[in-house]
Student: 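Please read through the structure below; I'll follow up with questions.
Whatever order the structure lists them in is the order used to number ligands and atoms, beginning at 1.
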Amino acid sequence: MRDRYEAHAVVLGGSIAGLLAARVLTDTHDRVTVVDRDDLAPGSTARRGAPQGRHIHALLARGQQTLEQLFPGLTAELVAHGAPVGDVLGDARLLFGGHRLARSESGLVALSAGRPLLEDRIRARVRALPQVGFTPPSDAVGLRCSPDGRGITGVRLLRRADASAEEVIDSELVIDATGRGSRSPAWLQGLGFGQPAVDRVRVDVGYVTRCYRLPPDCLDGDLACVHGPAPGRPRGGALARLEGDIWMLTLFGMLGDHPPKDPDGFDAFARSLPFADLHEAVGAAEPVDGPAGYRFPANVRRRYERMRHLPEGFLVMGDAFCSFNPIYGQGMTVAALQALALRDHLRPGVAPACRRVLRALARVTDAPWEMAIGADLTVPGVEGPRTPKRRLANAYVTRLQAGAAHDRALARAFVRATGLVDRPEALLRPAVALRVLRVQRLAS
Ligand SMILES: Cc1cc2nc3c(=O)[nH]c(=O)nc-3n(C[C@H](O)[C@H](O)[C@H](O)COP(=O)(O)OP(=O)(O)OC[C@H]3O[C@@H](n4cnc5c(N)ncnc54)[C@H](O)[C@@H]3O)c2cc1C
């Protein structure tokens, strides 16, 4: 390893997690180089390396708050680009667990930007930081290790150009933010560090999405309608108004019960949902594109923080670290929280203690992971440990959702927890628990 911390960091992956990591690295690093295989030219259409951009991307309330913290004025900038904005509970219809949540102002911001626009605006902010540079489109193909075998000292790249030869970029810190398909486990194995253990919960989710041109009042003025799975019906969808007065409808189903990609089958799937809001809203509207699909096999959490041998100078963030069932809309928000956790461990002129950072990333990932897995395990057929604690928590949430159908305080508590603004334990506070108990008594 070098004697001096030279403060050049390389971030692999220029999507949401990579951009947010780059942003916080500029607080302490002289140079930050972002590598992506895609051409990250300005523009707000979905790209090959982030195909999920064609589907609804809900930004949870905590994500909106954290992005605003990292990029002051970003919300207003997105609104200026046409993104509709409103209140999470006051301006959206939320249908969870077979219940329509009671409406009121939650004080939490719902920012309804398309994913490509959101990424584009974040990237523009990061690009404007003087310490940050982007390589031409390049594949990261491996890591370079120090001669003493203790640390990562650079990355191996292959430019996406004819006859390009492999090159190495030296750096003191490499962050892998290349998403679910990350090759880090294999790279670390090849360098003799072993592989991280993996927690995996199979959900086999299918997404199909179409966009429509609809009048702004097609949901009676609401910004969005989110239709979560109901008990025994692991299907749902979401309709949201995006910039440009385009409405995006994503339908999903779990465990192979996927929405069809042909237009008639897609409509029939929307009609099959317990609440008619989505189907009625798009009704006879003219779609502006054909249905596009995406398959998501499993929640995957790679436990880098538990590896016995970890190289210095190397971190993993975002979906490469943990990727969640997308129906809960957590990925971007967790990436933002991880960026804050990284920032807490950065000191100018000092190499970050990577194991400590990885543990901090794991800590901010714990609650969202437990919430996603806990909810997935309410679906019969999803395999995983149904511990007594999880069963109890799920039974409690089921009752809470029933209560939130007519108790606005419960609905607000629910959206604060699922929006990752409050920790899940907040749902057990006496003020909430007493209301849940009362709902149960009234129902029995
Ligand atoms: C269908 C779907 C719907 C989702 N919906 C939501 C939602 O509603 N709300 C939410 O918050 N999150 C959602 N997510 C999750 C969200 O997309 C991710 O959590 C978020 O983009 C952060 O991911 P990331 O930056 O870690 O990785 P990604 O977004 O996957 O980006 C990885 C980047 O790495 C690049 N790359 C990959 N390999 C290499 C390589 N070898 N060399 C160079 N570059 C490489 C890719 O080009 C890409 O730019 C959804 C995901 C899916 C799949």
Side-chain angles (χ1 to χ4, degrees), residues 10-22 33-40 46-64 66-67 110-116 118-119 122-123 134-143 155-160 169 174-184 186-187 203 205-209 224 226 237-238 240 248 250-252 258 292-300 302 316-339 361 365 368 372 418-420:
V10 173
V11 179
L12 306 178
S15 180
I16 302 287
L19 292 170
L20 301 183
T33 303
V34 180
V35 177
D36 202 287
R37 54 167 55 137
D38 273 358
D39 178 6
L40 300 179
R47 59 191 174 82
R48 200 158 168 226
Q52 70 269 36
R54 282 215 57 187
H55 304 274
I56 287 245
H57 262 64
L59 180 62
L60 299 182
R62 183 71 183 280
Q64 182 273 333
T66 310
L67 289 182
L111 181 61
S112 192
R115 150 77 198 231
L118 179 64
E119 189 183 304
I122 294 174
R123 189 176 308 112
F134 286 73
T135 61
S138 308
D139 283 297
V141 293
L143 302 169
V155 288
R156 294 166 35 218
L157 302 183
L158 203 52
R159 282 198 193 189
R160 292 216 153 191
I169 308 187
V174 175
I175 297 187
D176 176 4
T178 57
R180 278 177 68 80
S182 159
R183 303 275 304 138
S184 282
W187 293 341
V203 282
V205 173
Y207 263 49
V208 180
T209 296
V226 180
M248 183 179 268
T250 291
L251 300 177
F252 68 82
H258 296 169
Y294 192 100
R295 274 186 83 157
F296 179 93
N299 298 279
V300 175
R302 300 188 176 107
V316 182
M317 295 178 71
D319 284 16
F321 190 72
C322 182
S323 108
F324 307 88
N325 182 343
I327 70 171
Y328 309 113
Q330 296 173 313
M332 299 190 298
T333 297
V334 173
L337 294 174
Q338 290 178 354
L361 302 183
T365 307
T418 52
L420 304 182

Student: Under 3.5 Å, N or O to N or O, is G329 touching ligand 1 that way?
Tutor: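 Yes, there is a polar N/O contact under 3.5 Å.
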Student: Tell me which part of A50 gets within contact of ligand 1: side chain, backbone, both or neither, using heavy atoms under 4.0 Å.
Tutor: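 Neither; nothing of A50 gets under 4.0 Å from ligand 1.
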Student: Counting only heavy atoms closer than 4.0 Å, does ligand 1 sit against the backbone of A177, its side chain, both, or neither?
Tutor: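 Within the 4.0 Å criterion, A177 contacts ligand 1 through backbone atoms alone.
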Student: Should the proximity of R47 to ligand 1, defined as any heavy atom under 4.0 Å, be assigned to the side chain, the backbone, both, or neither?
Tutor: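 Answer for R47: side chain.
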Student: D319 and R180: salt bridge (Lys or Arg N to Asp or Glu O under 4.0 Å), yes or no, with the steps?
Tutor: CA-CA 5 Å; D319 284 16; R180 278 177 68 80; over 6 Å; no
Student: If we set the cut-off at 4.0 Å for heavy atoms, which region of R48 has an atom near ligand 1: side chain, backbone, both, or neither?
Tutor: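 R48 to ligand 1: no contact under 4.0 Å from either part.
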Student: Between ligand 1 and H55, is the shortest N or O to N or O distance under 3.5 Å?
Tutor: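 Min N/O separation from ligand 1 is not below 3.5 Å for H55.
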Student: Any chance you could lay out the side chain to side chain donor-acceptor pair (under 3.5 Å) test for R54 and T209, step after step, and finish with the verdict?
Tutor: CA-CA 7 Å; R54 282 215 57 187; T209 296; over 6 Å; no
Student: Has ligand 1 got any nitrogen or oxygen that is less than 3.5 angstrom from a nitrogen or oxygen of A58?
Tutor: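 N/O-N/O distance below 3.5 Å exists for this pair.
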Student: Under a 4.5 Å cut-off applied to non-hydrogen side-chain atoms, are P368 and L420 in contact?
Tutor: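 Yes, their side chains come closer than 4.5 Å.
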Student: For atom 31 (O) of ligand 1, what is the closest protein heavy atom, and at what distance to 0.1 Å?
Tutor: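 Among all protein heavy atoms, the one nearest atom 31 (O) of ligand 1 is S15 CB, 3.0 Å.
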Student: Looking at ligand 1, does any of its N/O atoms fall within less than 3.5 Å of an N/O of R115?
Tutor: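 Yes, at least one N or O pair falls under 3.5 Å.
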Student: Step through the shown structure and confirm whether more than 12 heavy atoms of other residues, nucleotides or ligands are within 6.0 Å of CZ on R183.
Tutor: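 Not more than 12 within 6.0 Å, no.
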Student: Please check whether M332 reaches ligand 1 - meaning an N/O of the residue sits under 3.5 Å from an N/O of the ligand, judged on distance alone.
Tutor: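 Indeed, backbone or side chain, M332 has an N or O that close.
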Student: Less than 4.0 Å is my threshold; does some heavy atom of A335 fall inside it relative to ligand 1?
Tutor: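 The answer is no: ligand 1 sits nowhere under 4.0 Å from a heavy atom of A335.
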Student: Is there a polar contact, in the sense of an N or O pair closer than 3.5 Å, between Y294 and ligand 1?
Tutor: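 So ligand 1 has no N or O lying under 3.5 Å from an N or O of Y294.
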Student: Relative to ligand 1, is L60 under 4.0 angstrom through side chain, backbone, both or neither, heavy atoms considered?
Tutor: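 Neither part.
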Student: Stepwise, does the side chain to side chain contact (heavy atoms under 4.5 Å, CB included) test hold for T135 with I169?
Tutor: CA-CA 10 Å; T135 61; I169 308 187; 4.0 Å; yes
Student: Which heavy atom of the protein is the closest neighbour of atom 25 (O) of ligand 1, given with residue, atom name and distance?
Tutor: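 Looking at atom 25 (O) of ligand 1, the protein heavy atom closest to it is A17 N, 2.9 Å.
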Student: Is the closest heavy-atom distance from D36 to ligand 1 below 4.0 Å?
Tutor: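 Yes, D36 has heavy atoms under 4.0 Å from ligand 1.
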Student: Taking heavy atoms and a distance under 4.0 Å, where does S138 meet ligand 1: side chain, backbone, both or neither?
Tutor: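 Only the backbone of S138 comes within reach of ligand 1.
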Student: Should D38 and R47 count as an ion pair when the cut-off is N to O under 4.0 Å?
Tutor: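 So D38 pairs with R47 through a salt bridge.
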Student: Can you confirm whether F324 sits close enough to T365 that some side-chain heavy atom of one is under 4.5 Å from a side-chain heavy atom of the other?
Tutor: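 Yes, close enough: below the 4.5 Å cut-off.
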